[in-house]
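Side chains are part of it too, since the values below use all heavy atoms of this structure and drop only hydrogens, waters and symmetry mates.
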Amino acid sequence: MENIHFTDEAIAGLIIQSVLMMILPVVLLIVWKVKTHEKILPVIVGAVTWLLFAIILKLAPAYLLLYADNPAAKTISGNVWYTSVLAGVLAGVFEETGRFVAFKTVLKKYSERRTSLSYGIGHGGFESVYVGFQMFSMALTGIMINMGMGDQLTNGVNEAQTATMISQLTQYSQLTFGECLLGVFERIPAIAAHIGFSVLVFAAAREKKYFRLYPLAVLLHALTDFSIVFYQAGILPIWGIEAVITVFAAGICYLAYRIYKKL
């Protein structure tokens, strides 16, 4: 950690980024609630489902296939393409399955199509809050490192994990305001995509003829998350990846809009 130093711009940018990421879904929810007077339960279910399926339940397979001391994990974690494929597949399978389960159980009696939009705001909005919290934690980590307390972060961490941590911290330590604001912008198409996926899976859960939209949502979600590999591999700049994600989100929302009109 001795060779890492977070610039003042990076720390300030991360803090501003975290605040905006947390505010964005709150503003969206308030506007949606005022305009539609929809019940809040689907929003809460969306948030809880994201936490349960995207973080808690996904933790075990992610650990076994990426971080555990076994041949498969070593092979996958050592290749950025394998890692991105796995991350995309896990995100697609767990999150879209979570949506499907939520619509089939807790929200079974909510038949209005606007339920899918409310759920999507909760699902995508909570992810934005979670990522914002991570950015705030990164800013605090940067402050600790600048104060000479960086070695405390690697206590009890093996060499491979330490190397990964150093690589990530080095990348964040030199962020500019522009890059941080770009990260905030990325949340807009991300939330839009989550709302789109929610419409597709809602349709799959409500009408048998639309069940094919559930596996389609899994595939599209996996492809969207996988696209970040082109930045990690140095093929596209960060703004290029944001453009790709925005195009993906637009396509998903267009498909969702067409299905929504038929519900």
Chi angles and distances behind the ring-ring contact (aromatic ring centres under 6.0 Å, His included) call for Tyr119, Phe103
CA-CA 9 Å; Tyr119 175 95; Phe103 289 135; 4.9 Å; yes

Between Ser84 and Gln232, is a side-chain hydrogen bond (donor to acceptor under 3.5 Å, both in side chains) present by the stated rule, with each step listed? CA-CA 9 Å; Ser84 296; Gln232 296 171 333; 3.1 Å; yes

_Thr97/Tyr214 under side-chain hydrogen bond (donor to acceptor under 3.5 Å, both in side chains): CA gap, chis, key distance, verdict_ = CA-CA 8 Å; Thr97 299; Tyr214 162 51; 2.7 Å; yes

### Query
What do the steps show when you test Ile166 against Asn3 for side chain to side chain contact (heavy atoms under 4.5 Å, CB included), and what is the final call?
CA-CA 10 Å; Ile166 291 175; Asn3 297 324; over 6 Å; no

Apply side chain to side chain contact (heavy atoms under 4.5 Å, CB included) to residues Arg114 and Thr36 and explain how you reach the verdict.
CA-CA 9 Å; Arg114 286 195 299 188; Thr36 65; 3.7 Å; yes

Open item on the list: Set out, in order, the CA-CA distance, both residues' side-chain angles and the distance that settles side chain to side chain contact (heavy atoms under 4.5 Å, CB included) for Phe226 and Val89, then state yes or no.
Closed with: CA-CA 8 Å; Phe226 169 75; Val89 170; over 6 Å; no

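Under the 4.5 Å side-chain criterion, counting only non-hydrogen atoms from C-beta, Leu14 is in contact with Phe6. Counting heavy atoms from C-beta on, the side chains of Phe202 and Leu117 never come closer than 4.5 Å. In this structure, the side chains of Arg99 and His221 come closer than 4.5 Å at one or more pairs of heavy atoms. With a 4.5 Å cut-off on side-chain heavy atoms, Tyr231 and Leu236 do not count as touching. Contact of the Asn146 side chain with the Ile11 side chain is registered, since non-hydrogen atoms from C-beta on lie closer than 4.5 Å. Two residues are said to be in side-chain contact when any heavy atoms from C-beta on lie closer than 4.5 Å; Arg113 and Arg206 fail this criterion. Between Val131 and Arg187, some side-chain heavy-atom pair lies under the 4.5 Å cut-off. Under the 4.5 Å side-chain criterion, counting only non-hydrogen atoms from C-beta, Leu220 is in contact with Leu216.
Looking only at distances, no side-chain donor or acceptor of Thr115 sits under 3.5 Å from a matching main-chain atom of Ser111. Under a 3.5 Å cut-off, the side chain of Thr49 and the backbone N or O of Gly46 do not form any donor-acceptor pair. At least one donor-acceptor pair under 3.5 Å links the side chain of Glu179 to the backbone N or O of Thr176. Side-chain N or O atoms of Gln174 include one that pairs as donor or acceptor with a backbone N or O of His5 at under 3.5 Å. Side-chain N or O atoms of Lys58 include none that pairs as donor or acceptor with a backbone N or O of Leu90 at under 3.5 Å. The main-chain N or O of Glu38 is found under 3.5 Å from a side-chain atom of Lys33 such that the two form a donor-acceptor pair. Between the Asn70 side chain and the Leu64 main chain, a donor and an acceptor come within less than 3.5 Å of each other. Of the possible donor and acceptor atoms, none in the side chain of Glu95 sits under 3.5 Å from a partner among the backbone N and O of Phe53. Judged purely by atom type and a 3.5 angstrom limit, Ser128 has no side-chain atom pairing as donor or acceptor with the backbone of Pro25.
Nearest heavy-atom pair across Ile259 and Ala203 is CG2-CB, 3.7 Å. Annotation for Cys253 and Ala193: closest pair SG-N, 4.4 Å, computed over non-hydrogen atoms. Closest of all the heavy-atom pairs between Gly132 and Ser18 is O-CB, 2.9 Å. Pairing each heavy atom of Ala256 with each of Leu200, the nearest pair is CA-CD2, 4.0 Å. For Gly88 against Asp225, the heavy-atom pair with the smallest separation is CA-CB, 3.9 Å. Contact detail for Pro189 and Thr246: the closest heavy-atom pair is CG-OG1, 3.8 Å.
Residues passing the salt bridge (Lys or Arg N to Asp or Glu O under 4.0 Å) test with Asp8, sequence neighbours excluded: none. Phe248 is linked by a side-chain contact (heavy atoms from CB on, under 4.5 Å) to Leu223, Thr224, Val244, counting only residues two or more places apart in sequence or in another chain.
Annotation: the span from Ile252 atom CD1 to Ser198 atom OG amounts to 11.0 Å, rounded to 0.5 Å. With rounding to the nearest 0.5 Å, the separation of OH in Tyr260 from CG in Leu255 is 15.0 Å. Between Leu66 atom CG and Thr75 atom OG1 the span is 11.5 Å, to the nearest 0.5 Å. We find the CD-OG distance between Glu242 and Ser227 to be 9.0 Å, quoted to the nearest 0.5 Å. Remark: Phe136 CZ to Phe133 CZ distance equals 8.0 Å, nearest 0.5 Å. How far CG of Asn79 is from CG of Leu86: 11.5 Å, rounded to the nearest 0.5 Å.
Linking Ile, Leu, Val, Met, Phe, Trp and Tyr residues whenever their side-chain heavy atoms come within less than 4.5 Å places Ile241 and Trp239 in a single cluster. Following chains of ILVMFWY side-chain contacts shorter than 4.5 Å, one can reach Leu169 starting from Met147, so the two form part of one hydrophobic cluster. Each of Tyr210 and Tyr257 belongs to its own hydrophobic cluster when Ile, Leu, Val, Met, Phe, Trp and Tyr are linked at side-chain heavy-atom distances under 4.5 angstrom. Residue Ile145 is grouped with residue Met149 when hydrophobic side chains (ILVMFWY) are merged at heavy-atom distances under 4.5 angstrom, including chains of intermediate members. Met22 and Val48 fall into different hydrophobic clusters, where Ile, Leu, Val, Met, Phe, Trp and Tyr side chains are chained together by heavy-atom contacts under 4.5 Å.
Classification of the Phe197-His194 ring pair by plane angle, with boundaries at 30° and 60°, yields perpendicular.
Summarising the local packing, CD of Glu207 is surrounded by more than 12 heavy atoms from other residues, nucleotides or ligands at distances under 6.0 Å. More than 12 heavy atoms of other residues, nucleotides or ligands sit less than 6.0 Å from atom CZ of Phe100.
Here Trp81 and Phe230 bring their ring centres to under 6.0 angstrom of each other.
Tyr82 and Ser77 share no donor-acceptor pair across their side chains, judged by distance under 3.5 Å alone.
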